[in-house]
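So that the names make sense, note that chain A is the first sequence line, chain B the second, and so on, each numbered from 1. Hydrogens, waters and symmetry mates are skipped; everything else that's a heavy atom, side chains included, is used.
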Amino acid sequence: MEQLISIRNMFKDYPIGLGKFTALKDINLDFEAGEFSGIVGPSGSGKTTLLNIIGSLDVQSKGEVKVMGREVSELTRKEAARLRSEHIGFIFQTYNLLPVYTVFENVEFPLLLMDVKPGIRKEMVDKAIEWVGLKDKRKSRPAQLSGGECQRVAIARAIVKEPQIVLADEPTANLDAENSHHILRTMVELNEKLKTTFIFSTHDAKVIEYLRRKITLVDGRVVEDN
Amino acid sequence: MVLKLAWRNLVGGGVRSLLNVFILSVVLVTIIGFHGLFVGWQRNAENGMIRWHIADGQYWQKDYDPYDPFSFDVARSAMPKGINDAASVEFLIDQGVIYPQGRMKNIILKGVEEEQVLLELPTEYLRFKEGRYKLMLGYRTAKKLGLSEGDRLMLRWRDVHGSFDAREFEIVHIFTSPVLTIDQGQVWLGLEQMREMLDAPGEVTYFSYRGLRPKLGAGWIWKTQDELLSEFRALFAAKMAGVSFMYVLLLFLAMIAVFDTQVLAMFKRRREIGMMMALGLRSGQIIKVFTLEGLLSGLLAVGLGALWGTPLLLRFSKYGLRLPEMMDNYGIDGFLDAMYPQYSLKIVVLTIVLINLILLVVSYLPVRSISKMSPVSALK
Ligand SMILES: Nc1ncnc2c1ncn2[C@@H]1O[C@H](COP(=O)(O)OP(=O)(O)OP(=O)(O)O)[C@@H](O)[C@H]1O
Ligand SMILES: [Mg+2]
């Protein structure tokens, strides 16, 4: 069976001044549909960079990255946007909430892009907001929320459309234990029910507990995968 | 979907959007208001000149040059035959000297047909039959020379034979007219009075005419309304250059405000745009959403401007704008006590279209350049 995500001999360079900095070195990884996996590693080891490339927000410098059978570096901007919109839920390390939108509107946004019908849309948004426990903040704007609350909105926005792949960049960094566990359980449930593939980036022990597969990244290299 | 997002952006922008829309509406109303003011002023002035002096146009004796007082002696001929008297007003021009309060002052003497009813010039005060040595003058000249009705004024002139003659005249009337060119540097006498003084019976320098134009020989040159108004128009444009400059400055400031809120805000909102791209909004849609947002704010500004601007502008055009000192400051024909702006539909539509076009461009250009960035760099 075709892998959901397959990465071969992949390198990522960032230009720095006249030279370059290689953030990812010779990455070879495969992810099957329905995996609940995480990338762990110290700060600066390349976790975010890797998730960005898988999520087609960035392109590798060398090697292959196939997502759902398509080489991401060959996608047109339009195709990449469609891939993100239809199949990938992204939880950003920096939340990236739309500042002028309310919580409800932020969570609704991906569904608007997919032209989901208004009635169904509202139901799905309400459900996602309830998952992350922000029912009473539906009308607040990001500036009025705490860091943890913003993170939960970002999570709701990523899972609201029930995508095939959720890329979660340190999703629990600002959450207390209780909220972390609640959200992780919700994600496990989604994973079991809908075969949603989760790829985390984390150094949170609570998250690592839940992972079925742990990929360790050090200095842009995979040093462990089990 | 695009419209919904654009609207959401605008509403979500809150005070920022509101301020932007408000400034835009001020720009709109100001442009329309100022333009109306200029148009009203100019129309008022031109109508005044037509009603007080020009009629449909004038026949000038071929040698008449209003800028050369020494030509006045020769620039007169007998009134051509066959001209309907009711359709024409005759003028006879010469130069003279007056002695208001002992001072000496060169002045243009204008004799005008006393019985005319074509022009608003109140010539009935000058009727020869009812007494001689009467003159009238405009309120500006009267004020400048410190003269009032009933005053006596010594006047000296030269007759056709070149000999000086002098007489005391009574100021029978001071008229109030918006037209500067029948006021400054001149006094008005009856035509018969002038003819007698100059010993020039039946002669005229020019005559204003209304109606179907008769064909006259080479001795008379027809001056159309446009020709007679062209000098005023040039002067008006020149005088208004200063005012227009302020107006352009104002617009420029407003445009900077718009530019700031649109263009700079757009760059400040780069991250926001990046977020939308990261979530899967295609660049074409991004451009549409944010350009439409700019356009929507323009349309809202039109609505808002119409809401508060229409009653304001209509009020001005109905009750006029009382700016009497402006008149003197600019030394230009136009209005007496109040200026009545006139607005044209054309300028309203043009302004609205222009503002929205500018908005379209200043929204489109920055968002297009941002939409070309990769999502990660837009998010930085
Ligand atoms: N745009 C960029 N230009 C240059 N270098 C970059 C850029 N983005 C990331 N890097 C470098 O690449 C390396 C990996 O960055 P990345 O953000 O992937 O780390 P990370 O593992 O997510 O770290 P953290 O746990 O702190 O989020 C870092 O050393 C970083 O300095
Ligand atoms: Mg990171």
Revision key, fill the gap. Chain A shares the most heavy-atom pairs under 4.5 Å, among B/Leu5, B/Leu379, B/Val2, with B/Leu5
**Study point:** B/Phe316, CZ atom: more than 12 neighbouring heavy atoms under 6.0 Å
**Key:** no
Check your understanding: Has A/Phe11 got more than 12 heavy atoms of other residues, nucleotides or ligands less than 6.0 Å from its CZ?
Key -> yes
**Study point:** More than 12 heavy atoms from other groups under 6.0 Å of CG on A/Asp26
**Key:** yes
**Study point:** Contact origin within B/Met277 toward chain A - heavy atom pairs under 4.5 Å
**Key:** both
Exercise for review: Could you check which of A/Leu112, A/Leu98, A/Val59, A/Val100 has the highest count of heavy-atom pairs closer than 4.5 Å to chain B?
Suggested key: A/Val100
**Study point:** Residue among A/Ala158, A/Pro110, A/Pro99 with most heavy-atom pairs under 4.5 Å to chain B
**Key:** A/Pro99
Exercise for review: Check side chain to side chain contact (heavy atoms under 4.5 Å, CB included) between B/Val15 and all other residues, then give those that pass, not counting sequence neighbours.
Suggested key: none
Exercise for review: Please list, chain by chain and in numerical order, all residues satisfying ring-ring contact (aromatic ring centres under 6.0 Å, His included) with A/Phe109, sequence neighbours excluded.
Suggested key: none
Review point. What is the minimum heavy-atom distance between A/Leu113 and B/Gly280, and which atoms define it?
Key: CD1-C, 3.5 Å
Review point. Among all residues two or more places apart in sequence or in another chain, which pass the salt bridge (Lys or Arg N to Asp or Glu O under 4.0 Å) test with A/Lys25?
Key: none
Could you work out all donor-acceptor pairs shorter than 3.5 Å where one atom is in chain A and the other in chain B?
residue: A/Arg77; atom: NH1; partner: B/Lys372; partner atom: O; Å: 3.4
residue: A/Arg77; atom: NH1; partner: B/Met373; partner atom: O; Å: 3.3
residue: A/Arg77; atom: NH2; partner: B/Ser371; partner atom: O; Å: 2.4
residue: A/Arg77; atom: NH2; partner: B/Met373; partner atom: O; Å: 3.0
residue: A/Arg84; atom: NE; partner: B/Met277; partner atom: O; Å: 3.1
residue: A/Arg84; atom: NE; partner: B/Ala278; partner atom: O; Å: 3.2
residue: A/Arg84; atom: NH2; partner: B/Met277; partner atom: O; Å: 2.9
residue: A/Asn96; atom: OD1; partner: B/Arg271; partner atom: NH2; Å: 2.8
residue: A/Tyr101; atom: OH; partner: B/Asn9; partner atom: OD1; Å: 2.8
residue: A/Glu105; atom: OE2; partner: B/Arg8; partner atom: NE; Å: 3.4
residue: A/Glu108; atom: OE1; partner: B/Arg8; partner atom: NH1; Å: 2.7
residue: A/Glu108; atom: OE1; partner: B/Arg8; partner atom: NH2; Å: 2.8

Exercise for review: Would you mind checking which part of A/Leu83 comes under 4.5 Å of any heavy atom in chain B, side chain (CB onward), backbone (N, CA, C, O), both or neither?
Suggested key: neither
Revision key, fill the gap. dist B/Leu279:CG -> A/Ile88:CD1 (nearest 0.5 Å) comes out at 11.5 Å
